[in-house]
Amino acid sequence: MTTAPTKPSETKPAATDAQLLGWDPVFDELGFPQDPDNLYTQTVSTMLKSAEIINLRHRVKIILAQPKNEIMVHFPVKMDDGHHRLFKGYRVQHNNALGPYKGGLRFHSDVHLDDVKSLAFLMTMKCSLVRVPFGGGKGGIKVNPRELSPDELMRLSRRFTSAIAANIGPDYDIPAPDVGTNAQIMAWIADTYVNISASNRDVNPSAVVTGKPLEVGGSLGREKATGQGVVDVIKEMLPEIGIPIKDMRVSILGFGNVGSWAGKILQDLGARVIAVADHTGALRNDEGIDCHAMADYCARNGGLAGFEKSAETTATGGNASTGGTPISLDEFYETPVEVFIPAALEQMIKEREAAMINAKVIAEAANAPITPAGDRVLQQRGIEILPAILCNAGGVVVSYFEWVQNKSCVTWDVEQVDKELNRHMVMAARRTNLARQRYQCDLRTASYIAALEHIGKVYTVRGIFP
Ligand code: GLU
């Protein structure tokens with residue numbers, strides 16, 4: 001059971017990320033630059049703290065502390081006006097002890113190598129926690145996809161695929177959608193790979209990516225999978241925490257694929273999504289925002305700004321009404337809710353935001369949405385955090401189902417996908433709870449422990465070549 005969160009003014013002054021991190025001897029051994037504010041260093045530090053608790057072998061710790069391969073490419077793309085622009089792309093392959101590298105491709109103007117390394121690392125942890133036979137990878141292009149025309153986006157996706165084609169493959173490294181990419185982009189990647197790869201006579205080379213449209217081998221239930229997984233974890237964990245779903249108040253930060261699906265599914269279960277914020281603004285409606293209508297509006301308008309004035313705010317079911325009041329981002333964080341769902345980018349919840357959040361539980365639908373300093377403030381305030389490697393693993397779980405279907409030339413119906421997804425998410429949540437009980441730690445540490453125990457056993461059995 002969690003206690004009610006304390007008010008922001010009651011918190012002690014928080015330590016900075018650098019003070020909280022400590023400096024593990026592994027960082028010196030591997031020659032990490034002395035930059036404790038770096039996201040990659042922070043991510044590895046969280047793993048090393050959990051590894052310490054379970055006495056994970058030193059050799060496994062140093063292997064996991066660095067990615068196996070870091071691929072960086074520069075490639076030209078012809079723009080609609082005829083000039084060529086040079087782009088920078090990445091694919092980081094963190095670890096493949098459990099199976100082929102797996103993880104999304106992000107198209108975003110803030111993509112940097114260290115972020116991609118962190119996200120690839122988190123994929124290794126996520127796949128291990130939910131026990132799908134994949135390792136961790138991540139990639140991306142430094143670009144704002146909103147600035148490109150559909151044709152430019154297609155040429156960018158195809159040219160990037162050709163630049164990394166020798167380093168991906170259905171049995172080696174399998175990309176998927178992430179922030180700024182979607183099923184259409186996966187279709188272009190699959191088509192390019194099938195046309196240029198030496199393995200185009202394999203049974204199904206389009207298994208090189210998941211999250212594809214249904215027409216080219218995508219899986220039913222993949223589009224909503226990450227949001228569905230967030231809800232599966234919330235449902236499994238809330239009875240333990242003592243919160244009923246019916247009439248539960250929810251706020252969501254980020255209303256892209258993950259945030260909007262989590263909102264729609266929770267609304268249909270009878271929860272009330274009373275505040276939503278994205279890069280264009282924030283809105284509050286205590287009767288419940290109609291997430292179905294808002295998702296449609298955002299898909300057409302690129303963000304929620306103006307939704308309250310639109311004609312589409314007609315309730316489509318569940319616990320929702322029309323309209324809403326625009327609020328500031330600070331007011332958004334201060335809105336009292338039972339569950340707050342950060343579903344946007346990394347490191348958005350720092351000390352300041354953590355002190356304002358007025359929730360009993362935070363369900364991390366984004367990867368690494370809270371900084372170590374933010375995390376400390378939230379823990380001091382008694383706010384329970386459902387950690388990202390557990391909460392947002394639904395996407396890669398259904399990616400695994402898509403890959404299995406492609407490999408075995410079968411099609412699952414959506415009931416089977418949802419049932420298997422739920423089983424994987426519930427088992428991962430129980431593994432995390434068991435680790436928490438055994439080691440008397442917070443849920444984030446417990447989720448890493450449950451992931452690391454599995455990888456540690458795999459390295460013990462496999463050994464390390466030669
Ligand atoms: N990009 C998603 C994630 O971060 C999905 C990855 C995948 O399906 O491979 O988990």
Side-chain angles (χ1 to χ4, degrees), residues 39 43 90-96 98-108 111 115-141 145 168-183 185-186 189-190 206-213 217-230 232-233 254 256-259 261-262 342-346 363-369 387-406 417 420-421 424-425 428 447 451:
L39 178 62
T43 314
Y90 305 92
R91 185 69 187 170
V92 172
Q93 296 163 335
H94 177 262
N95 187 276
N96 62 351
L98 302 183
Y101 302 107
K102 185 84 190 81
L105 290 175
R106 175 172 295 200
F107 290 2
H108 194 276
V111 166
D115 308 331
V116 182
K117 281 168 65 175
S118 307
L119 294 164
F121 169 89
L122 290 170
M123 287 307 301
T124 301
M125 294 293 128
K126 209 185 286 190
C127 292
S128 180
L129 176 61
V130 292
R131 305 291 197 263
V132 294
F134 287 139
K138 200 74 155 205
I141 304 176
I168 57 175
D171 296 308
Y172 182 65
D173 184 356
I174 306 142
D178 196 82
V179 175
T181 54
N182 55 26
I185 291 173
M186 297 306 116
I189 294 174
S206 60
V208 64
V209 281
T210 57
K212 300 180 288 291
S219 175
L220 289 165
R222 175 62 184 85
E223 200 203 302
K224 65 166 182 167
T226 311
Q228 180 68 61
V230 171
D232 287 354
V233 170
N257 173 284
V258 181
W261 273 108
L345 292 170
E346 303 81 53
E364 291 186 330
N367 290 304
I389 63 166
L390 167 66
C391 219
N392 74 21
V396 75
V397 170
V398 178
S399 276
Y400 167 56
F401 301 158
E402 178 176 332
W403 184 77
V404 167
Q405 292 170 74
N406 291 166
V417 171
E420 280 297 309
L421 170 62
H424 277 73
M425 300 310 291
S447 66

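If you're wondering where the values come from, they're calculated on a predicted model, not measured in any experiment. Atoms within a ligand are numbered from 1 in the order they appear, just like the ligands themselves.
With sequence neighbours left out, the side-chain contact (heavy atoms from CB on, under 4.5 Å) criterion links Val179 to Arg106, His108, Leu345. Not counting sequence neighbours, the partners of Tyr400 by the ring pair (Phe, Tyr, Trp, His ring centres under 6.0 Å) test are Phe134. Residues passing the side-chain contact (heavy atoms from CB on, under 4.5 Å) test with Pro387, sequence neighbours excluded: Glu364, Leu390, Leu443, Arg444, Ser447.
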Decide side-chain hydrogen bond (donor to acceptor under 3.5 Å, both in side chains) for Lys102 and Thr210; before the verdict, give the C-alpha distance in whole Å, the side-chain angles of both, and the deciding distance to 0.1 Å. CA-CA 9 Å; Lys102 185 84 190 81; Thr210 57; 2.8 Å; yes
When you look at Asn367 and Lys126, which way does the side-chain contact (heavy atoms from CB on, under 4.5 Å) test go after all the steps? CA-CA 10 Å; Asn367 290 304; Lys126 209 185 286 190; 3.0 Å; yes
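A distance-only check finds no donor-acceptor pair linking the side chain of Ser128 to the backbone of Met125 [under 3.5 Å].
Every protein residue with a heavy atom nearer than 4.0 Å to ligand 1 is included here: Lys102, Gly103, Gly104, Met123, Lys126, Lys138, Ala176, Pro177, Asp178, Arg222, Asn367, Gly395, Val396, Ser399.
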